[in-house]
Amino acid sequence: MKHILLGDEAIAQGAIDAGLSGVYAYPGTPSTEITEYIQLAQSKKQDSAPIFCQWATNEKTAMEAALGMTYAGKRALVCMKHVGMNVCADAFVNSAITGVNGGLVVVAADDPSMHSSQNEQDSRFYAKFALIPCFEPSNQQEAYDMTRRAFDLSEQLHVPVLLRVTTRMAHSRAMVMTADSPRAQNARTLPADTKRFILLPAFAKRNYADLLAKQPEFVRLSETGGLNTYKRGSNTKRAIVACGIAYNYVQESGIARDVSVLKITQYPLPVALINQMVADGAEEVLVAEEGQPVVEELIRTVIPSDIRIVGRLTGALPRKGELSPDCFAIDGFAQTPKTATLTEKSLMTLPGRPPSMCQGCGHRDMYTALNEVAREYNEARIFGDIGCYTLGALPPFHAIHACVEMGASITMAKGAADAGQYPAIAVIGDSTFTHSGMTGLLDCANCNADVVVLISDNLTTGMTGGQDSAGTGKLERICMALGVPEEHVRTVVPLAKNMEEMKAVIREEINYHGTSVVIARRECIQTLKRKARK
Amino acid sequence: MKKDIILAGVGGQGILSIATVIGQSALAEGWYLKQAEVHGMSQRGGEVQSHLRISTNPIWSDLIPQGQADIILSLEPLEALRYLPWLAPDGCIVTSSVPFRNIDSYPDINEVYSAIQTFPKHILIDTDAIVKEVNAPVQAANMVLLGAAIPMLGIEPEIVESGLKKVFARKSETIVQTNIRALQAGYDYASKNL
């Protein structure tokens, strides 16, 4: 069957067709659509074998649940944005040590250029760190095909496989040919080796030795599996190593017309193919890769030092940001980026149009109240978090002084309060609170830290499009159970008509010298509109 | 045959529906397609753009190289100007003339129009007036704009119309008909004013 699919959707369909039993994920751009696609497919096809597809509370719980599913012999997919890999790193790295029973594929969607993220970390490092194979498709068809291959490889080698995509791959559509029907799911089977999943040092040492012993096989499969290809050019002195979607830009630009091209979509590096490129007389090698210079650094350990290697480290390609076809000059090795033909004709300077919180959004009323109260104090500091409300850093609110990673608002406010900062206020969304804020609040409560935690509860995971939020209906009980006194767990409705009440509540809790929580609860305007249309 | 199209607008205006309809039409013609779009943070009232490429031959890059777009198709006049570096020397700007003013620094609209009018091939279309004329809601402005671009697309109007039907069929027959009227009105306008 032929479909127009996003890269994310191609991965999702590939996983379904590979005989998936469960997808575990926390929403995060640009990975969210993978899980959403599977959820939609499930709601449409209730006669087929069920696939577990409910959102997880965070990437770590997702990764661990997936490991449990593979323990029971079935195929599991874990999806996240690149920084989600940091959250689940403990489970991820150790899943390589336990190995898997059913197939386990982890999708990391990187966001070079930080379209919707706080850094540009490259998840290929994680595959190398965990010593497992990694796939990096160059187009949507490959995304579909490689997802199935990743499951096969995982079951063949008994290790998890990382599938790495970047924003342009995740969020670009193209035609994809898919199978007519999915492969059957695995039957439940328990691991034959009963010690495999017990990482006591004695067993872990044995498992680690097993994992190391598999490394040459991983390299051999990269060389002979057919996903990495070497094409000798008429000019063999120059060669391009093109990884993932960078291959498309190289092809589009025309710089590959005469030179040799090594296309890489499977890691670890295919050493034999690189050696072939060298044997053919390569004197200058351009490494084109989306993200950080992972291959550019690694390839230096494989090929002789007299061969000139250029790429993102040497400045031949931009050191940061995502690549585009414009990064590759027609005449050679990307020394001079092409310049636009019509830029000078824009005739006027254009004002930017930054994203902003929606009109009618409850976060706006929350910030209006918070800002007015904060101004009553000398040097109030507001520690923000990850979500739509991060936009409170921009005009007109200029409300927050920090935003680092999921959950950091609460614990940074605590640390600052420990250092004597007063008032120390955290602003965190409901979904981010259950993702990574609860443990921090427990730290606060255990020492009665002088912080106010303002949970801006819009009853959804708003920034990524309105997915279910894990703590909906439970937030007050969670805060109290973590040790915040009942009289200091306050709830307000962020509306203009309630402004004086909201300000009074926030002021009272700032004046209380201990841990307190103010929940500002009103449904996300976007999810509300969507429900009204139904 | 190959068309590179930059779709532009402000988050929430409906540029992705335009892309979906063109995509369905290209699929019906047996063409190749690639369409890069923006999700996530920048959708919240910010500038959004999509690179849409359709071709009878396989397409490599998901992104259009600068200086190569055949059409800039924009639901907002200021946003049309943001992507000029991508426009080919003989490329065409098709844009709604209706400004979306959610920023304080929005320039004088006449200055925006004059900048667009310096391009020999351009269509400035009052999508709000046209949706009213054909008794369609303002949400159908995107189909008016798409209609206006049909002469430049290299796809027959009937094919685009059946693509539209496919995309909107899951909603309701009324919505299909409303959008077809909008598409037709846009096409008529462009045919008269190009």
Side-chain angles (χ1 to χ4, degrees), chain A residues 2-4 6-8 28-30 32-33 111 115-117 139-140 167-175 245 247-253 322-326 328 338-343 345-359 361 388 390-391 395 463-465 526, chain B residues 10-12 19-20 23-24 26-27 31-48 50-53 58-68 76 78-79 81-89 91 100 102-108 111-112 114-116 118-119:
Chain A
K2 207 173 185 184
H3 311 269
I4 300 177
L6 282 177
D8 274 351
T29 310
T32 313
E33 293 78 5
D111 189 18
H115 296 280
S116 261
S117 306
N139 59 46
Q140 292 77 357
T167 301
R168 283 305 152 190
M169 182 72 245
H171 286 167
S172 178
R173 288 174 205 278
M175 313 279 186
I245 65 166
Y247 178 74
N248 301 337
Y249 301 140
V250 165
Q251 291 295 346
E252 177 88 26
S253 72
E322 64 176 344
L323 296 174
S324 76
D326 304 310
F328 299 88
K338 274 195 284 184
T339 48
T341 47
L342 282 170
T343 321
K345 212 175 171 182
S346 74
L347 307 170
M348 56 190 293
T349 39
L350 303 177
R353 201 188 297 258
S356 57
M357 287 181 280
C358 306
Q359 291 303 320
C361 169
C388 290
T390 313
L391 295 170
M463 176 118 245
T464 45
Q526 295 293 344
Chain B
V10 180
T20 312
Q24 279 300 332
L27 189 65
W31 290 20
Y32 293 90
L33 163 141
K34 280 206 170 184
Q35 185 219 330
E37 54 197 49
V38 177
H39 296 217
M41 182 175 238
S42 45
Q43 281 182 304
R44 304 263 173 264
E47 57 206 47
V48 291
S50 169
H51 289 215
L52 175 61
R53 316 188 75 186
I59 302 160
W60 287 114
S61 170
D62 297 86
L63 294 173
I64 300 169
Q66 295 200 346
Q68 200 175 302
E76 211 279 344
L78 176 65
E79 294 307 316
L81 295 175
R82 211 180 288 287
Y83 306 100
L84 292 178
W86 276 266
L87 192 64
F100 189 103
N102 65 342
I103 43 171
D104 297 338
S105 49
Y106 200 97
D108 177 2
E111 218 183 302
V112 174
S114 340
I116 292 166
T118 58
F119 289 83

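So you know, we letter chains A, B, ... as the sequences are listed, proteins then strands, and number each from 1.
- Proximity to chain A (any heavy atom under 4.5 Å) is restricted, for B/I103, to the side chain, taken from C-beta onward.
- Not a single side chain to side chain donor-acceptor pair (under 3.5 Å) links A/Y249 to another residue, sequence neighbours left out.
- Scanning for side chain to side chain donor-acceptor pair (under 3.5 Å) contacts around B/S61 gives an empty result, with sequence neighbours left out.
- Checking side-chain atoms of B/H51 against main-chain N and O of B/A36 turns up no donor-acceptor pair under 3.5 Å.
- With a threshold of 4.5 angstrom between heavy atoms, A/Q359 does not approach chain B through any atom at all.
- Put simply, the side chain of B/E47 gets close to the backbone of A/R353: a donor and an acceptor are under 3.5 Å apart.
- Interface summary for chain B: among A/G352, A/C358, A/A170, the most heavy-atom pairs under 4.5 angstrom belong to A/G352.
- Put simply, the side chain of A/P30 does not reach to within 4.5 Å of the side chain of A/S116, judged on heavy atoms.
- Contacts of B/N102 with chain A are made by both backbone and side-chain atoms, with heavy-atom separations under 4.5 Å.
- In this structure, chain A has no heavy atom under 4.5 Å from any part of B/L52.
- Taking B/I59, B/T20, B/L33, B/V112 one by one and counting their heavy-atom pairs under 4.5 Å with chain A, the maximum is reached by B/L33.
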